[in-house]
Amino acid sequence: MRDPLASPARHETLARAGLDRAALDRALDLAVEGPDRVTWARILDRTLLAAGAALVVAGVVCFFAYNWHALPRLGKLGLAGAGVAAATLVALPLGLDRLAGKIALSAAAVLAGVLLAVFGQVYQTGADAWQLFATWAAVALPWAIAAGFPALWAIWFAVGGVAIAAFGDAEALPGADVACLLASWFGAGWLAFERLGRRFASLAGRALPRLLAAAALAAALAPALAFVADPSRDTAIGPPALTILAGFWAWYHAARRRDLLLVTAAVAALVALATAAVGHALVERLDEVGLLATGALLVAEIAAALRWLLHLHRAEAA
Amino acid sequence: MTPLAPLTVREVRARLEAERLPVPPEDALAAALAGAGAGAPWYVRALAGAGGWVAAAFLAAGFALLFRLQHRATFGAAGLVACAAATASRRVARGPFAAQLALAVSLAGQALLADAVLGGPWPPTPARFLALAGIEVVLVAAFADPVHRLLSTVLAAAFGFGAAWAADSTAAFPVAAGAALLAVWTARGRAFRPPLADLRRPVGYGLALAFAAAFLWPAVEAAGGVASAQRVTADRTAAAGTAAVALGIAGTRAFARLRVPFSTGPGTIALLGGAAVVALGTEAPGVPGALALVALAVEAREPLLFALGAAAGASYLGWWYYDLSTTLLVKSGVLAASGLLLLALRWAALRRRAA
């Protein structure tokens with residue numbers, strides 16, 4: 001159960017605490033009193049380090065941007081390669097069980113993509129954009145496995161997603177097909193990390209499965225809404241695919257996994273699809289009255305959804 | 001727990017008790033606060049908010065089309081009615097959806113009002129912008145919702161900027177935004193006792209956004225080529241001066257907390273370092289401006305304001321990169337020198353602690 005006394009002592013909270021005038025005045029002063037000397041010194045130390053390093057890096061980036069065209073090919077490649085090597089060499093002594101090491105290895109994986117892009121720019125390889133991103137994903141995979149860092153895995157899945165989208169663009173695939181491929185990609189990632197999170201402590205957090213599930217839902221929602229808006233321009237797979245995916249996730253995360261955030265995301269996708277489908281028909285038949293009816297329909301849908309979600313939330317909290 | 005975390009109600013209660021001030025027992029305090037801040041998690045509120053906003057858009061569009069609202073006077077009247085109705089309904093709204101619906105209806109009303117007041121010959125007079133800013137100030141006080149208060153503060157600042165722009169004196173904007181920001185975030189806590197208690201954070205955050213935008217503006221107008229060189233210089237000088245004052249005040253408060261007098265060696269080093277950052281800020285005022293926001297955030301124990309200051313600094317650098325009035329070589333020197341200065345200050349502080 002939530003402890004009201006553990007909540008932050010903000011003005012809006014203290015004003016409702018039932019304190020008398022003198023105590024309230026003092027409490028309000030305490031609420032805006034800064035940290036003690038030791039804490040201030042620690043914050044100052046970290047802030048000066050982070051801001052100083054960020055500004056120096058920004059200065060270096062500007063310096064190379066100033067001279068970029070004057071740099072020889074090998075100089076450009078060498079710079080990008082040195083970035084990858086430096087980040088990897090920093091990561092190894094720090095250790096991959098520490099956050100600093102994981103962040104350094106993630107930087108190396110990201111810089112590997114920059115190296116590939118510079119290589120393509122310098123030698124004009126003629127490769128399609130999807131090949132660059134697919135190669136980047138393949139190159140970064142060992143680093144992602146070694147780091148076991150959810151943030152790097154999120155970047156890795158995003159790079160893979162961009163490769164799929166670029167492939168669809170290059171091959172002129174229908175939008176619904178590309179969206180289904182993306183939903184499958186992120187959905188497979190969700191399934192994998194739902195299982196891996198139970199086996200590996202470093203992957204036990206909910207952030208990555210949630211992110212992947214939300215990305216899969218978003219990918220499935222796009223073709224469904226596009227089909228509702230104009231059935232002649234897209235294939236009919238979108239609405240049933242979204243209904244099945246979101247319906248399954250709403251049930252699974254409400255009944256089995258107890259993850260209200262993903263229940264909410266699935267419900268939001270279903271509400272969006274239902275409103276778009278019914279609203280489209282209403283506006284086509286009733287014009288401005290249809291707009292008013294769609295607004296009223298949405299009010300009813302959201303009210304019903306909130307009722308269920310708040311019921312789940314209270315059941316979870318009890 | 002983050003070092004920036006605010007005190008808890010329990011900690012404040014313990015301090016009051018230690019100072020022999022009358023405080024209610026813990027269970028009575030818990031009962032009084034049980035409703036405050038409880039309720040739906042953020043993502044459920046986000047769903048309610050998005051639903052409320054889209055529903056309000058459908059209802060407003062249907063209403064406007066059904067009743068054929070075409071004239072600015074009717075737009076203005078409909079806008080005022082919508083704002084008044086939303087303000088009244090927010091005071092009685094209990095659930096998250098009703099609250100978001102009221103917020104969306106109010107913003108739709110404000111859009112109609114803005115169209116009615118600013119429509120016609122362009123550019124509008126400063127008085128028209130100031131009239132809208134005045135309405136937003138009234139809504140800050142009247143509309144009992146933190147998100148609306150924040151948005152109304154931002155809109156009041158935006159209309160204030162519009163008035164300055166129409167009067168060809170945009171240099172006044174960073175000065176006004178900085179003064180208001182410092183007034184809110186450096187005031188004693190008791191200056192915001194009820195009924196002002198609910199205003200402090202939303203208004204403070206709105207002013208922080210306006211302050212950050214004031215530094216972005218010279219970079220945006222220079223990058224976009226939308227103003228003369230003299231105007232860009234005047235705006236940048238005003239922003240740099242405001243940043244210097246804000247950083248000076250925030251820095252002085254920080255050093256008072258650290259109990260480091262400026263007359264001592266480390267204090268003098270810090271003073272010189274700060275002065276150098278401010279001097280470099282004449283080229284890039286966003287750097288000292290962002291540092292001032294960060295220092296205010298630490299003193300106010302506001303992690304979100306800290307993040308806003310950091311994001312404002314990063315956004316500023318992003319825009320400044322495209323500012324053609326300064327070469328990349330100068331930018332490189334300013335940024336690297338500012339960074340090295342901060343690192344040198346940290347090194348000096350560490351040496352002092354080691355000694």
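The basis for the numbers below is simple: all heavy atoms, side chains too, and nothing from hydrogens, waters or symmetry mates. All chains are named by letter (A, B, ...) in the order of the sequence lines, taking the proteins before the strands, and each is independently numbered beginning at 1.
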Arg15(B), Arg253(B), Arg301(B) screened by salt bridge (Lys or Arg N to Asp or Glu O under 4.0 Å) with Glu33(A), the one that passes
Arg15(B)
Please flag which part of Ala293(A) lies under 4.5 Å from any non-hydrogen atom of chain B: side chain, backbone, both or neither.
neither
Please state whether the side chain, the backbone, both or neither of Val334(B) comes within less than 4.5 Å of a heavy atom of chain A.
neither
Applying a strict 4.5 Å limit to non-hydrogen atoms, the region of Trp347(B) in contact with chain A is neither
Arg201(B) portion near chain A, given a 4.5 angstrom heavy-atom threshold:
side chain
Is the CZ atom of Arg258(A) crowded by more than 12 outside heavy atoms at less than 6.0 Å?
no
Taking all non-hydrogen atoms of both residues, which atom of Leu29(B) and which atom of Ala17(A) are closest, and how far apart?
CD1-O, 3.3 Å
Should we say atom CZ of Phe63(A) is surrounded by more than 12 heavy atoms from elsewhere, each under 6.0 Å from it?
no
Is chain A contacted by the side chain of Val294(B), its backbone, both, or neither, given a heavy-atom distance below 4.5 Å?
side chain
Counting only non-hydrogen atoms closer than 4.5 Å, does Ala300(B) touch chain A with its backbone (N, CA, C, O), its side chain (CB onward), both, or neither?
backbone
Any donor and acceptor pair, going by atom type alone, linking the side chain of Thr264(A) with main-chain N or O of Val44(B) inside 3.5 Å?
no
Begin from the C-alpha positions of Arg10(A) and Asp198(B) and carry the test salt bridge (Lys or Arg N to Asp or Glu O under 4.0 Å) through to its verdict.
CA-CA 9 Å; Arg10(A) 302 293 191 196; Asp198(B) 290 346; over 6 Å; no
Checking heavy atoms, do the side chain of Leu297(A), its backbone, both or neither come under 4.5 Å from chain B?
neither
Please flag which part of Leu317(B) lies under 4.5 Å from any non-hydrogen atom of chain A: side chain, backbone, both or neither.
side chain
Do other residues, nucleotides or ligands put more than 12 heavy atoms under 6.0 Å from the OH atom of Tyr43(B)?
yes
For His11(A) and Gly189(B), indicate whether the former's side chain and the latter's backbone hold a donor-acceptor pair under 3.5 Å.
yes
Among Asp20(A), Thr275(A), Asp36(A), Leu48(A), residue most engaged with chain B (heavy-atom pairs, under 4.5 Å)
Leu48(A)
Counting heavy-atom pairs under 4.5 Å to chain B, which of Leu260(A), Val289(A), Thr39(A) comes out on top?
Leu260(A)
Check each atom of Arg200(B) against the heavy atoms of chain A and say whether the ones under 4.5 Å are side chain, backbone, both or neither.
side chain
Out of Val38(A), Leu309(A), Leu24(A), Thr294(A), which one racks up the most heavy-atom pairs below 4.5 Å with chain B?
Thr294(A)
Under 4.5 Å from any heavy atom of chain B, what part of Leu292(A) do you find: side chain, backbone, both or neither?
both
Which atom names give the shortest non-hydrogen contact between Ala22(A) and Leu21(B), and what distance separates them?
CB-CD2, 4.3 Å
Within the side chain of Asp29(A), is there an N or O that forms a donor-acceptor pair under 3.5 Å with the backbone of Arg190(B)?
yes
Which atoms of Ile302(A) come close to chain B, meaning under 4.5 Å heavy atom to heavy atom: side chain ones, backbone ones, both, or neither?
side chain
By a 4.5 Å heavy-atom criterion (distance strictly below it), what part of Glu26(B) contacts chain A: side chain, backbone, both, or neither?
both
If you count the non-hydrogen atoms of other residues, nucleotides and ligands that lie under 6.0 Å from CZ in Arg37(A), is the total more than 12?
yes
Check whether Ala314(B) gets within reach of chain A through its side chain, its backbone, both or neither, counting any heavy atom under 4.5 Å.
neither
Between chain B and each of Ala305(A), Ala272(A), Gly295(A), Ala303(A), count heavy-atom pairs under 4.5 Å; write down the option with the most.
Gly295(A)
Chain A contact via Leu342(B) - which portion, at a heavy-atom distance below 4.5 Å
both
Can you name the nearest heavy-atom pair linking Leu298(A) to Gly51(B), along with the distance?
CD2-O, 3.6 Å
Taking all atoms of both residues into account, what is the closest heavy-atom pair of Trp40(A) and Glu299(B), and its distance?
NE1-OE1, 2.8 Å
Once rounded to the nearest 0.5 Å, what's the spacing between atom CG of Leu345(B) and atom CG of Leu49(A)?
12.5 Å
Would you mind checking which part of Ile43(A) comes under 4.5 Å of any heavy atom in chain B, side chain (CB onward), backbone (N, CA, C, O), both or neither?
side chain
Sort Leu306(A) into side chain, backbone, both or neither according to what part of it lies under 4.5 angstrom from a heavy atom of chain B.
side chain
